Amino acid sequence: MSKYRNEQEILVKRALGLPVNQKTYIKNLYPCNLGIFFIGKISTSILEKLKIQIELVFHSFFFDIKFFGEKKVETCLYNTHTKVEYNLLDETTEEVVLFPTNGFYSIMKTHMVIERTVIGLGLTNVPIYSSSDEKLLFLFGEANLKHKCAIVSTHNLVDLNKSETTELRLIKEVIHEIGHIILGLEHCFNENCVMQFSANTKEIDRKSNHLCEKCKLYLENIRTRSNF
Ligand SMILES: [Zn+2]
Ligand SMILES: [Zn+2]
């Protein structure tokens, strides 16, 4: 990398509030294929909208976005370190089984090799917790930069009164996690940016489904650097 490009990258990372020494996993990776895997029960009615939004936000980053049909919550997931917890994000006192995110990453890694996709996104209806920080329960989603994949759970995104709200939340979380794979694990401080952290569904509903100008600038930098 030339000195100039290196300086450009540091400037963009400063503008984004990213640590300048944060390892970038994006060199010469894009454009590539994105594979979306269903693990559990997911309504397929959202797919076209999801594809349009991903193409809009990450324009020219993906040659193709492929959907890979419903896969059962595989036995291997039940063999992982599951947790039984009360669902704290709603008012029910029902106990539910949560699955660790690394179980999904290993399923996706296998399917990504078979289907030849560089980036993988898993969608599931079951509740998840972070295998890297077990205190993080009922995650909406999590990305793994090393394996270039992410998982989004619809479990706590559902609005029982309005299916459009559920769809919009899912779109935002999917864009957010793909954003992490491309931009890194830091969150954006712009209140309207999809890369802002959301602790609950109210915060998801408040933010937009697109990137702020600073995050767009970082995408543009990747495009310039990789010549696409
Ligand atoms: Zn995030
Ligand atoms: Zn932003």
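Heads up: numbering here begins at 1 and tracks the sequence. Atoms within each ligand, like the ligands themselves, are counted from 1 in listed order. No experiment lies behind these values; they were computed from the predicted model shown.
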Report task. Keeping the roles fixed (side chain from Lys66, backbone from Gly35), state whether a donor-acceptor pair exists under 3.5 Å. Result -> no
The expected count of protein N/O/S atoms at less than 2.8 Å from the Zn ion (ligand 1) is 3
- request: Determine whether more than 12 heavy atoms belonging to other residues, nucleotides or ligands lie under 6.0 Å from atom CD of Glu164.
  value: no
Test side-chain hydrogen bond (donor to acceptor under 3.5 Å, both in side chains), reference His176, set His180, Glu173, Lys172, output is His180
Distance-only donor-acceptor check, side chains Tyr105 and Glu142, under 3.5 Å
yes
Can you classify the ring geometry of Phe37 versus Phe68 as parallel (below 30°), tilted (30 to 60°) or perpendicular (above 60°)? parallel
query: What orientation do Tyr30 and Phe62 show, parallel under 30°, tilted 30 to 60°, or perpendicular over 60°?
result: perpendicular
At the Zn ion (ligand 2), SG of Cys212 and SG of Cys193 open up to roughly (10° bins) 110°
